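Inspection log for the structure reproduced underneath, given as structure tokens.
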Amino acid sequence: MQKKLGDMLVDEGVLSLDKLQDALEEQKDSGKRLGEVIIEMQLAVEEEVMDALAKQLGIEKIDLYEAQIDLDAAKLISPDMIQRHQAFPIKIEGSNLLVAMVDPLNLLAIDDIRLSTGFEVSPRIASPHALKFAFDKLFGVSHEAEKSLELFKQDQINKGFIIDDTILDKQTLSEVEQAPIVKLVETILNGAVDYKASDIHLEPKEDKMEVRYRVDGMLQRILTVPRNAIPAVTARLKILARLDTSERRMPQDGRISVKIRENEIDIRFSTLPTVFGEKIVMRLLNKSSALLTLQDLGFDEDELPVFEEMVEQPHGIILVTGPTGSGKSTTLVAALDKIANETNNVVTMEDPVEYLLPKINQVHVNRKVGLTFASGLRTIMRQDPDIIMVGEIRDPETADLAVQAALTGHLVFSTLHTNDAPGAIPRLVNMEVPPYLINATVSGIMAQRLTRKLCPQCKKSYEPSEEELEIISSAYDLSTLDKAPIIYKARGCKFCNHVGYRGRAGIFEIFRMSNKLRELIVRETGIHAIKNLARQEGMQTLFESGIKKVLKGETSMEELLRVARPDYEQAGEEGFEPTTDRAGKLREAAPKLAEVETNI
């Protein structure tokens, strides 16, 4: 009788019985193979699971990260068939075709490949991640882009001309509708979805255009477009965004809605004229992506209950702060999804709507027809709401309407652009909200950032240096640890594309309004006084939240210092220049600036 995979991993000391039980429970819910579940839950590394599977099935394992793949063999079956059967041809040996397969016992796939190629199939077992790596290498974005560019170049040579950046007439516009450029643009968009990128940057240089994807918050260069193809690529994208293809001196904004890999993708499109041409940035929003729950966002065990208690208030204002791209909207929508039910009316104003939620009434901001956050919020108040979410408070009018909604018994969620949670107080004052109304309406504020998570396959442990220990001890009481701390750093491997990180999680600073803080805000709205009192009452800073993730091995010290620094968190009041003084100095400088402008 064949031994089960889980039992083999337990016998070899890879898994404990408890961990195996957890994996089996998850497998029941997900319906995935046990090996995939174990790898996804990070209970074992991929190599250990594949070794056990190969031993269990009696089929040789192949490492697609290192294997030499015969391109002629790989092209014997279509890319669609490769993905459908999760099977990748490696090389031809006489009348046999070596095929790497995720499921080497899939007789239907083996028969299909045999009939399509005429070769007998000799299966080898490979992991899903390794097969995807091989597929992307041969049929991914760079490879497909090169093919499209070669076709485009040949097409231009055949027609006797090459497009340059000075030509953009009817002839050029007809060119961009032809197959090579259409295929190239599709490849760039498809590749961004495959990479799980949040943004695409197309940046013109003197002799080329660089295409970069933002993955896990960091930009990665993917491919380059030659100079002669730039106008056609730019024009094709502008046509998709319904923009003026002849206007290249002024910035333009648009939207593209497209279906990629069975996913509905909404793309926010922006152009910016630069010295070498128009820079294009596209923000990708996957409408088909699954909504993250609060548990998925990276809250620590002592942070989640505090935030959940905050969002379950009957009325008031809950604010989430942070820079663009820090996950504020995702957090708010996850909170709304938790508290929305059939007994309440939840309405949101978003720009844009990122996740579609069945229990919530969602409104998309449309400034072209006058539907702004402020005008939308005013209308929502006539819709008998219980809970309101305003995508962003960015002007005094929206701030005033949010305060009025909270005063009349509604629970209001929104975001602000501030560096930390206490910074939201002076920001509201700056938007003409009186301190006494802040006290009456604001229930809590949370600042957040996103840190990249270390790749579990290759992260390397080490003892922190004296300097690192000093930084850690400034934010965490090391005496509570049973032994000397061990932290981890990124190394990079085949599983994370040699980046060292896979995925992101949040770090949080939760500010709960108390009676003492309300009394202070009436007298003083300076950020440092508010922050010092909040910390005395137990508020944990962003850096302190991140240090706990460093000690748990979830992220590295370098990554934490990239997004939150202790010197900023612990800045005291000494040497702080009040806002009023800065404003006064700016007013003094104004006549001098005017004189300079007059003399230009």
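The chain is numbered in sequence order, starting from 1. Quick caveat: nothing in here was measured; it's all calculated off a predicted structure.
- Here Arg255 pairs with Asp351 in a salt bridge; the nearest charged N to carboxylate O distance falls below 4.0 Å.
- Taking NZ of Lys279 as the reference point, atom OG of Ser270 lies at 8.0 Å (rounded to 0.5 Å).
- Checked against the 6.0 Å centroid threshold, Phe307 and Phe299 count as a close aromatic pair.
- Between Leu243 atom CG and Ile280 atom CD1 the span is 9.0 Å, to the nearest 0.5 Å.
- A salt bridge links Glu559 to Arg452: one of the charged nitrogens lies within less than 4.0 Å of a carboxylate oxygen.
- Counting only N and O atoms by type, the side chains of Thr187 and Asn190 include no donor and acceptor under 3.5 Å apart.
- Between the CD1 atom in Ile393 and the CE atom in Met431 there is a gap of 6.0 Å [rounded to 0.5 Å].
- Looking at Asp216, its side chain does come within 3.5 Å of a backbone N or O of Gly503 through a donor-acceptor pair.
- Between Glu26 and Lys28, none of the side-chain N atoms (NZ, or NE/NH1/NH2) sits under 4.0 Å from a carboxylate O, so this pair counts as no salt bridge.
- Distance check, rounded to the nearest 0.5 Å: NZ of Lys238 to CD1 of Ile256 gives 12.0 Å.
- Side chains of Ser414 and Glu392: a donor-acceptor N/O pair is absent below 3.5 angstrom, by distance only.
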Could you go step by step and tell me if Asp300 and Lys549 meet the salt bridge (charged side-chain N to carboxylate O under 4.0 Å, His left out) rule? CA-CA 8 Å; Asp300 199 47; Lys549 284 184 166 50; 5.4 Å; no
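- Of the possible donor and acceptor atoms, one in the side chain of Gln448 sits under 3.5 Å from a partner among the backbone N and O of Gly327.
- The minimum heavy-atom distance between Ala405 and Ile388, with the atom names listed, is CB-CD1, 4.2 Å.
- When only modelled atom types and interatomic distance are considered, Glu303 and Gln540 share a side-chain donor-acceptor pair under 3.5 Å.
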If you apply the rule side-chain hydrogen bond (donor to acceptor under 3.5 Å, both in side chains), what do you find for Ser556 with Tyr501, and how did you get there? CA-CA 9 Å; Ser556 66; Tyr501 298 92; 2.6 Å; yes
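- Side-chain N or O atoms of Asn345 include one that pairs as donor or acceptor with a backbone N or O of Gln383 at under 3.5 Å.
- Under the salt bridge (charged side-chain N to carboxylate O under 4.0 Å, His left out) rule, Asp199 has a single partner from Arg268, Arg212, Arg283, which is Arg283.
- With hydrogens and angles left out, the side-chain atoms of Glu350 and Gln362 include a donor and acceptor closer than 3.5 Å.
- Note on ring orientation: taking the six-membered ring where Trp is involved, the planes of Tyr213 and Tyr195 are perpendicular (angle over 60°, cut-offs 30° and 60°).
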